[in-house]
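For reference, the structure discussed in these notes is given below.
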Amino acid sequence: MTFGIIIHGGAGVLRTHERLDDYRKFLGVALKEGYKVLEEGGDSLQAVIKAIYVMEECGAFNAGVGCSLTVDGYAELDAGLMDGSELSVGAVASLRNVRHPIVAAHLVMTKTDHVLLVGDGALRILEALGVKQDTSLVTQEKLQRLNELKKEWLESSNKFPKNKALFSKLGTVGAIALDKNGKISAGVSTGGYWLKLSGRVGDSPIAGAGFYADSSIGGAVATGIGEYAIRTSLCKSVVEFMAHGETPMDAVKQGVEMITKRFGSGTIGLIALNKKGEYGYHYNTEGMGRGVLTSEMKQPILGVFREDDT
Ligand code: ASP
């Protein structure tokens, strides 16, 4: 039985990324760690959590330690997780100062009867389940960056497009895995984007928008401007395209095309994996970190820009 994992490190303006070397390096580390779980016979949900945990911890992505700040200087994180065999979902949104939101999402899935917990209520429940807040997610360096971005933003006449261009200097992280038992799981974790309003929730904790998995078909995970993914139920649509016979590569291309047509380019990236272990990734941004490794492949695929594929 084919098994494998595909991950992303966020789509966006990446050539000017201050930590591009780390970004590439930890994509590789996360891919290997996630794959190892599958190789040892582990569950795809655990593989997804492992890969995302590594990317949250390393600080090179807009998730966990590396998260962006809201316009008021808060670290408010979103994450979502889906088990494609049970169709069970766990997600958290607007969660302040939590280092590993993907672990929090898993707790929501396994320890509560809900699919999505937000804000202070979520923090109280999660604290009782052992999740601690970590104020070190808001650093002096990030506050300084926030002030610079705010200044730039306020001085620009066309505010939202400016905000849009700034959204992903660092990327959100996501993963989809297929294990030896045929179970597909998908997960995503993000700080959202710089200058988002406090209280804003993106696509990452919304099943069907930022992530979706169904073991009888496949899974999809999005990165980019979450509002567009929510407005189009993007990941559910991509899984539907696969259900109608499209390969994961064609399905993500169609998903990206749909967003580009409606909302323009520079807006979205997608990864997908089907039950046969076939994968797809596509984006309409300058770059998108991605990694793929399945039991059918001799070498992993790792890349950020288009030229990395050649
Ligand atoms: N989709 C995320 C959000 O809108 C951001 C990203 O993928 O970079 O919160």
Side-chain angles (χ1 to χ4, degrees), residues 5-11 30 34 43-53 55-56 61-64 67 76-96 98-119 121-123 125-126 131 171-177 183-193 196 200-215 218-239 255 268-273:
I5 181 164
I6 180 165
I7 65 172
H8 78 68
D43 189 281
S44 57
L45 201 61
Q46 293 308 324
V48 163
I49 293 170
K50 183 74 198 191
I52 291 179
Y53 189 99
M55 293 189 278
E56 287 176 337
F61 302 91
N62 180 8
C67 72
E76 289 186 354
L77 301 108
D78 297 343
L81 192 61
M82 185 157 183
D83 169 327
S85 292
E86 303 296 324
L87 297 188
S88 46
V89 168
V92 288
S94 275
L95 201 60
R96 279 201 188 156
V98 170
R99 202 174 175 98
H100 291 293
I102 200 67
V103 172
H106 189 227
L107 288 169
V108 172
M109 177 191 277
T110 53
K111 304 284 185 200
T112 80
D113 292 311
H114 306 304
V115 296
L116 172 61
L117 292 181
V118 307
L123 278 176
I125 304 288
L126 290 164
V131 175
T172 290
V173 302
I176 313 162
K183 178 161 118 183
I184 296 176
S185 302
V188 55
S189 177
T190 187
Y193 48 75
K196 71 176 183 180
R200 177 264 185 190
V201 173
D203 58 319
S204 305
I206 314 278
F211 64 102
Y212 198 76
D214 181 336
S215 300
V221 171
T223 169
I225 299 178
E227 284 73 7
Y228 300 155
I230 296 173
R231 288 162 68 184
T232 54
S233 300
L234 184 59
C235 286
K236 175 78 165 121
S237 303
V238 170
V239 172
I268 211 77
L270 277 165
I271 56 173
L273 187 70

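Distance check, rounded to the nearest 0.5 Å: CD1 of I271 to CD1 of I6 gives 5.0 Å. Rounding to the nearest 0.5 Å places OG1 of T223 at 8.0 Å from CG of D203. In this structure, NE2 on H8 lies 8.0 Å from CD1 on I176, to the nearest 0.5 angstrom. Note that the OG atom of S44 and the CD1 atom of I49 stand 9.5 Å from one another [nearest 0.5 Å]. Interatomic distance, CD1 of I102 versus CD1 of I52, reported as 4.0 Å (0.5 Å rounding). The distance from atom CD1 of I184 to atom OH of Y212, rounded to the nearest 0.5 Å, is 12.0 Å.
Put simply, the side chain of V103 reaches to within 4.5 Å of the side chain of Y53, judged on heavy atoms. Using a 4.5 Å heavy-atom cutoff, the side chains of I7 and M55 are in contact. Two residues are said to be in side-chain contact when any heavy atoms from C-beta on lie closer than 4.5 Å; V115 and V108 fail this criterion. By the 4.5 Å heavy-atom criterion applied to side chains, P101 and T190 are not counted as neighbours. Using a 4.5 Å heavy-atom cutoff, the side chains of H100 and V131 are not in contact. Inter-residue side-chain proximity for I125 and L117 is flagged as met; some heavy-atom pair is nearer than 4.5 Å.
A search for side-chain hydrogen bond (donor to acceptor under 3.5 Å, both in side chains) contacts involving K183 returns D43, D83, not counting sequence neighbours.
In this structure, the side chain of D78 engages the main chain of S94 through a donor-acceptor pair within 3.5 Å. Using modelled atom types, one side-chain atom of S185 and one backbone atom of L45 make a donor-acceptor pair closer than 3.5 Å.
Closest approach of L270 and C235 over heavy atoms only: CD2-SG, 4.1 Å. Across all non-hydrogen atoms, the minimal contact from P205 to G202 is CD-O, 3.3 Å. Across S85 and S215, no two heavy atoms sit closer than the pair OG-OG, 2.8 Å. When all heavy atoms are compared, the tightest approach of E56 to S189 is OE2-OG, 2.5 Å. Across every non-hydrogen atom of A222 and V188, the tightest pair is O-CG2, 4.3 Å. Of all heavy-atom pairs spanning C67 and L77, the tightest one is CB-CD2, 3.6 Å.
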> Are E227 and R200 close enough, and set up right, to give a salt bridge (charged side-chain N to carboxylate O under 4.0 Å, His left out), and what steps lead you there?
Replying inline: CA-CA 10 Å; E227 284 73 7; R200 177 264 185 190; 2.9 Å; yes
> Are I225 and I268 close enough, and set up right, to give a side-chain contact (heavy atoms from CB on, under 4.5 Å), and what steps lead you there?
Replying inline: CA-CA 6 Å; I225 299 178; I268 211 77; 5.7 Å; no
